[in-house]
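Report on the following structure.
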Number of protein chains: 2
Amino acid sequence: MGISKTELFTKKQNELANIARALGHPARIAILQHLVKINACICNDLVGELGLAQATISQHLKELKQLGLIQGTIEGTSVCYCIDPKVWEKYKKLFSEFFLEVKQASKANCSPDCC
Amino acid sequence: MGISKTELFTKKQNELANIARALGHPARIAILQHLVKINACICNDLVGELGLAQATISQHLKELKQLGLIQGTIEGTSVCYCIDPKVWEKYKKLFSEFFLEVKQASKANCSPDCC
DNA sequence: CCTATTAATCGTAATATTGCATTGAAGCGA
DNA sequence: TCGCTTCAATGCAATATTACGATTAATAGG
């Protein structure tokens with residue numbers, strides 16, 4: 001029904017999914033990459049850079065801000081957006097852990113010619 | 001308009017976003033974790049495990065399969081799903097690279113008290 | 001052949017997301 | 001003060017996602 005049954009899953013699973021969902025849009029990936037490159041940036045920069053409308057980019061920025069990944073500090077008429085390194089590091093670790101869970105676990109309980 | 005303007009972004013940005021979007025649902029995180037734990041699994045296991053309907057889980061599995069993250073081989077009346085370690089490793093690397101882009105870049109071109 | 005089991009698919013409803021035009025608010029310069 | 005710039009907030013339309021019941025297809029076992 002378009003609504004995720006978050007109550008079925010652990011807090012960590014939901015957290016991971018939330019981060020992944022936030023990264024799950026090329027515009028937000030591009031915004032983060034641009035922020036990293038410049039290490040400081042105002043919204044209007046991005047409008048020229050990405051080719052999306054200002055309102056759209058503002059919305060993407062809002063989502064990233066809600067996640068805590070970026071901070072926005074008011075700077076006169078403009079807003080300076082930066083990546084929050086602490087949160088970035090935390091999420092990086094979360095994903096690393098998730099991806100590391102795999103290793104090369106043994107063949108396990110399925111048939112020999114499976115996979 | 002509910003449709004992403006993928007043509008504005010690089011192939012790599014879209015690829016990253018696609019992977020992230022696929023991981024952007026707690027059920028799919030849970031499915032992957034369960035697959036890792038068991039290292040092989042059939043859909044019906046997951047129905048009991050997750051508390052979602054069979055149709056819903058089948059749909060989530062389909063998305064993960066489209067991404068290449070998991071393989072499904074027919075096994076009599078059931079299907080055996082496994083993680084594809086090669087693809088998993090590839091995506092792990094992609095994300096690591098993305099997260100590593102940050103480092104501790106210098107303060108850059110914004111005001112001294114920004115961020 | 002009949003039936004049970006298993007998973008994929010279809011159809012549908014509810015809700016979320018994306019993108020934008022427009023409006024609103026706040027600071028800056030003339 | 002009057003615009004002008006910059007970004008946020010709102011509201012809309014188009015589309016995507018999530019979830020599930022019902023159906024279908026395939027296979028195993030009798």
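Throughout, a chain's letter reflects where its sequence line sits, starting with A, and its residues are numbered from 1. Fair warning: this is a prediction, and the values are worked out from it, not measured in the lab.
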From [atom1] of [X] over to [atom2] of [N], roughly how many Å is that when rounded to an integer?
X	N	atom1	atom2	result
I31(B)	dA7(C)	CD1	C1'	13 Å
L67(B)	dT17(D)	CG	C1'	16 Å
I57(A)	dA8(D)	CD1	P	11 Å
H25(B)	dA16(D)	NE2	P	18 Å
Q71(A)	dC7(D)	CD	C1'	18 Å
N18(A)	dT17(D)	CG	P	17 Å
E7(A)	dA19(D)	CD	C1'	12 Å
L61(A)	dC7(D)	CG	P	10 Å

According to a strict under-4.0 Å criterion, is [X] in side-chain N/O contact with OP1 or OP2 of [N]?
X	N	result
H60(B)	dT17(D)	no
Y81(A)	dT6(D)	no
T56(A)	dT18(C)	no
S58(B)	dA7(C)	no
R21(A)	dT17(C)	yes

What does L52(A) touch in the nucleic acid at a heavy-atom separation under 4.0 angstrom: a base, only the sugar-phosphate, or nothing?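 Sugar-phosphate, backbone atoms only, no base.
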Could you pull out the closest heavy-atom pair between N14(B) and T6(B), with the gap in Å?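 Where N14(B) meets T6(B) most closely, the heavy atoms are ND2-O, 3.0 Å.
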K12(A) side chain near L94(A) side chain, heavy-atom distance below 4.5 Å: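 Side-chain contact under 4.5 Å: yes.
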Side chain of [X] (C-beta onward), nearest among [options]:
X	options	result
K5(B)	dA7(C), dG19(C), dA8(D)	dG19(C)
E63(A)	dT18(C), dT18(D), dA22(D)	dT18(C)
R28(A)	dT18(C), dC7(D), dA19(D)	dT18(C)
Q54(A)	dC7(D), dT18(C), dA28(D)	dC7(D)
K62(A)	dA9(D), dA28(D), dA19(D)	dA9(D)
K65(B)	dT15(D), dA8(C), dA9(D)	dA8(C)
A53(B)	dG21(D), dG19(C), dA7(C)	dG21(D)
A55(B)	dA19(D), dC7(D), dA22(D)	dA22(D)
S78(B)	dA19(D), dA8(C), dA7(C)	dA7(C)

Under 3.5 Å, is there any donor-acceptor pair linking the side chain of Q59(A) to the base of dA8(D)?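 Under the 3.5 Å cut-off, the side chain and the base do not form any donor-acceptor pair.
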Using the six-membered ring wherever Trp is involved, compare the ring planes of F9(B) and H25(A) and label them parallel, tilted or perpendicular (cut-offs 30° and 60°).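 The rings of F9(B) and H25(A) stand perpendicular, inter-plane angle above 60°.
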Would you call E89(A)-K92(A) a salt bridge at under 4.0 Å N-O?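 Salt bridge present between E89(A) and K92(A).
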Any donor-acceptor pair under 3.5 Å linking the side chain of W88(A) with the backbone of L69(A)?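 Checking the backbone N and O of L69(A) against the side chain of W88(A), no donor-acceptor pair under 3.5 Å is found.
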Stepwise, does the side chain to side chain contact (heavy atoms under 4.5 Å, CB included) test hold for L32(A) with I70(A)? CA-CA 9 Å; L32(A) 288 172; I70(A) 64 175; 3.9 Å; yes
